[in-house]
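To start, the structure itself, in structure tokens.
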Amino acid sequence: MLPAMAGMPVAYASTAQTDIPSLKEVYREDFLVGCAFSERDLSGARLSLIRSQFNVLTMENAMKPDALRNAAGGFTFGLADSMIASIGRDGLPLHGHTLVWHQQSPAWLNRDEQGGILARAEAERNLAGHIESVAGHFAGKVISWDVVNEAVMDNPPNPRDWRASLRQTDWLNAFANGAGQSGADYVERAFLLAREADPAAKLYYNDYNLDGQAKAIAVAAMVKEINDRYIARGNTRLLIEGIGMQAHYHIRTKPEDVEASLKRFVALGVEVSISELDVFVTGAAETLTPAQEKMQAELYARLFLVFRKYAAHIERVTFWGLDNGSSWRKKQFPLLFDASLAPKEAFRAVTDPEGYLGIALETPAVSAQNTEAPANTPASASGENLPAEAPARSTGFPWWAAAAVAGIAAGIAACLLIRRRKKAG
Ligand code: XIL
């Protein structure tokens with residue numbers, strides 16, 4: 001789907017810089033790095049950039065229910081199939097997005113011709129018909145699926161009650177209609193159907209704002225209960241194997257909140273994917289100011305330090321698009337490449353987060369007291385080999401900066417340990 005106004009010609013960049021680091025190489029030991037793509041990305045400079053930077057893809061729109069179904073209830077697999085054939089030639093694996101969602105879905109899935117909500121039995125038939133046919137059709141072609149997208153409300157007041165925290169969608173209401181129950185079981189039903197239709201695919205629950213703790217608590221409660229029930233029935237594999245944190249962030253997003261949710265999800269025994277990453281610069285004018293570029297780049301760097309710390313549990317980090325010019329939020333300049341496909345400061349930050357943030361371990365504050373350690377050897381994870389009295393104080397380096405360096409050095413040490421463990425495994 002082109003982002004420009006209907007009828008307007010769209011010019012996309014025809015050249016891309018090739019002498020730059022590759023994201024997929026930088027994070028090869030950590031996780032897959034991907035981007036959302038559309039038909040326009042499958043040739044020329046855009047395809048070259050994708051090939052050089054990414055090792056997994058998600059279709060931005062072409063596998064959503066409204067793209068795969070026509071008004072008569074039939075299937076329209078043509079575009080998605082041709083896109084799969086194209087990326088298959090490049091050996092790029094595909095994540096499927098998405099089977100069940102309240103947006104970009106034909107109304108007839110859960111409403112009648114007069115616009116009334118369907119009765120449960122009919123909605124159940126439609127859910128099964130969609131998932132069996134779509135997941136069945138793409139079996140062997142996707143590595144994983146977002147089975148249910150955005151089923152939980154924002155800021156649920158009582159998040160431990162996940163049923164009460166579900167968003168009021170047509171699926172929920174149709175499953176409740178005449179059923180004498182809440183309809184919340186549509187989520188579990190969707191996962192069971194997807195498992196049957198494509199047992200090889202990893203099944204994800206995907207949502208946004210999961211750095212908000214109330215929403216994260218509700219999602220965790222839902223995933224845990226559904227998985228516990230599945231295991232109690234004698235299955236050895238989880239039903240919901242992954243949680244996708246969409247990660248549509250903005251410059252005030254707090255990496256600590258992202259980390260808190262990652263911890264919460266990892267504790268459930270599921271894997272996590274950062275599934276739709278972008279960082280909006282709210283209030284941006286025609287272009288980003290140098291200060292805005294820097295603020296965005298710093299947040300990207302901090303986020304990637306967090307992702308690396310949890311790399312053992314993160315399967316994939318996918319950006320929601322290739323460049324600012326084609327982004328769904330292009331006015332907020334959210335991605336790593338500008339509209340001419342040139343790497344932004346944020347790209348530099350992501351390819352070397354430690355370096356970008358100036359966390360060189362040989363900064364005077366730390367290295368002066370660690371002269372025996374070879375270059376690039378981090379301080380112990382606990383930071384205990386740092387002097388109690390920060391040397392920075394006597395050299396005029398502010399104490400808070402020394403403390404920050406020590407803390408971040410400890411983080412990097414933890415990252416390196418995880419990466420080494422991962423590599424060994
Ligand atoms: C967006 C696409 O990027 C747009 O092109 C489309 O017009 C609307 O959907 N959460 C999701 C994605 O799960 O599917 C959405 O993608 C962005 C929010």
Side-chain angles (χ1 to χ4, degrees), residues 1-6 8 10 12 34-42 46 50 54 56-69 76 79-80 83 94-107 109 130-131 134 138 142 144-154 166-167 169-171 187 190-191 194 202-212 215-216 219 240 242-250 253 258 261 272-280 282 315-337 339:
M1 218 180 277
L2 293 174
M5 287 188 298
M8 293 263 295
V10 187
Y12 290 108
C35 75
F37 78 113
S38 303
E39 215 184 355
R40 61 169 174 251
D41 298 321
L42 294 176
R46 301 181 71 80
I50 285 178
F54 301 110
V56 63
L57 293 176
T58 305
M59 290 190 195
E60 185 171 356
N61 287 300
M63 288 171 85
K64 291 174 179 172
D66 68 348
L68 297 179
R69 306 302 299 270
T76 49
L79 175 63
M83 287 165 71
L94 180 69
H95 167 74
H97 174 77
T98 177
L99 292 169
V100 178
W101 193 20
H102 62 284
Q103 288 183 13
Q104 292 181 272
S105 296
L109 279 171
H130 186 74
I131 295 177
V134 173
F138 293 113
V142 296
S144 45
W145 266 111
D146 290 332
V147 177
V148 178
N149 196 32
E150 302 181 355
V152 173
M153 65 168 72
D154 289 321
L166 289 180
R167 183 190 290 274
T169 65
D170 286 355
W171 279 121
V187 176
F191 277 94
K202 238 178 229 178
L203 305 182
Y204 272 80
Y205 174 75
N206 194 53
D207 214 328
Y208 67 92
N209 278 0
L210 293 184
D211 53 319
K215 197 163 175 180
V219 167
I240 305 178
I243 295 177
M245 298 176 70
Q246 289 186 8
H248 295 296
Y249 295 144
H250 52 83
T253 296
V258 174
S261 298
V272 174
S273 281
I274 308 300
S275 56
E276 305 183 11
L277 178 60
D278 43 18
V279 175
F280 308 144
T282 36
E315 190 201 24
R316 166 175 48 91
V317 175
T318 291
F319 292 87
W320 204 240
L322 181 60
D323 70 304
N324 286 343
S326 60
S327 160
W328 73 309
R329 290 286 185 267
K330 62 173 161 182
K331 290 195 178 128
Q332 295 171 325
F333 305 94
L335 294 167
L336 302 190
F337 297 94

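Counting starts at 1 for both ligands and their atoms, in listed order. Nothing here was measured: the structure is a model prediction, and the numbers come from that model.
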Report summary line: Taking only non-hydrogen atoms of Gln246 and a 4.0 Å limit, the atoms of ligand 1 in range are 10 (N), 11 (C), 13 (O), 18 (C)
Report summary line: For Glu60, the ligand 1 atoms with a heavy-atom partner under 4.0 Å come out as 2 (C), 3 (O), 4 (C), 5 (O)
Report task. Check for a donor-acceptor pair, side chain of Ser105 on one end and backbone N or O of Pro65 on the other, with a separation under 3.5 Å. Result -> no
Query raised in the report: Is there a donor-acceptor contact under 3.5 Å from the side chain of Tyr205 to the main chain of Ala151?
Result: yes
Requested in this report: Using the six-membered ring wherever Trp is involved, compare the ring planes of Tyr204 and His95 and label them parallel, tilted or perpendicular (cut-offs 30° and 60°).
Outcome: perpendicular
**Report entry** side chain to side chain contact (heavy atoms under 4.5 Å, CB included), paired with Pro334, selected from Asp323, Val279, Asn324
**Finding:** Asn324
Report task. Show your working on salt bridge (charged side-chain N to carboxylate O under 4.0 Å, His left out) between Asp278 and Arg329 and close with a plain yes or no. Result -> CA-CA 9 Å; Asp278 43 18; Arg329 290 286 185 267; over 6 Å; no
Query - N/O separation below 3.5 Å, Trp328 to ligand 1 - result: no
Requested in this report: For ligand 1, indicate whether the residue Asn149 contacts it via side chain, backbone, both or neither (heavy-atom separation under 4.0 Å).
Outcome: side chain
Query raised in the report: So, Ser327 side chain and Gly321 main chain: donor-acceptor pair closer than 3.5 Å or not?
Result: no
Query - Test of proximity, Trp101 against ligand 1: N or O pairs below 3.5 Å - result: no
**Report entry** Residue from Lys64, Gln246, His102 passing side chain to side chain contact (heavy atoms under 4.5 Å, CB included) with Asn149
**Finding:** Gln246
Report summary line: Here the atoms of ligand 1 under 4.0 Å from any heavy atom belonging to Lys64 are 1 (C), 2 (C), 9 (O), 12 (C), 14 (O), 15 (C), 16 (O)
Query raised in the report: Side chain, backbone, both or neither: which part of Tyr208 has a heavy atom under 4.0 Å from ligand 1?
Result: neither
Query raised in the report: ligand 1 versus Gln103, non-hydrogen atoms closer than 4.0 Å: side chain, backbone, both, neither?
Result: neither
Query raised in the report: Any N/O of Asn61 closer than 3.5 Å to an N/O of ligand 1?
Result: yes
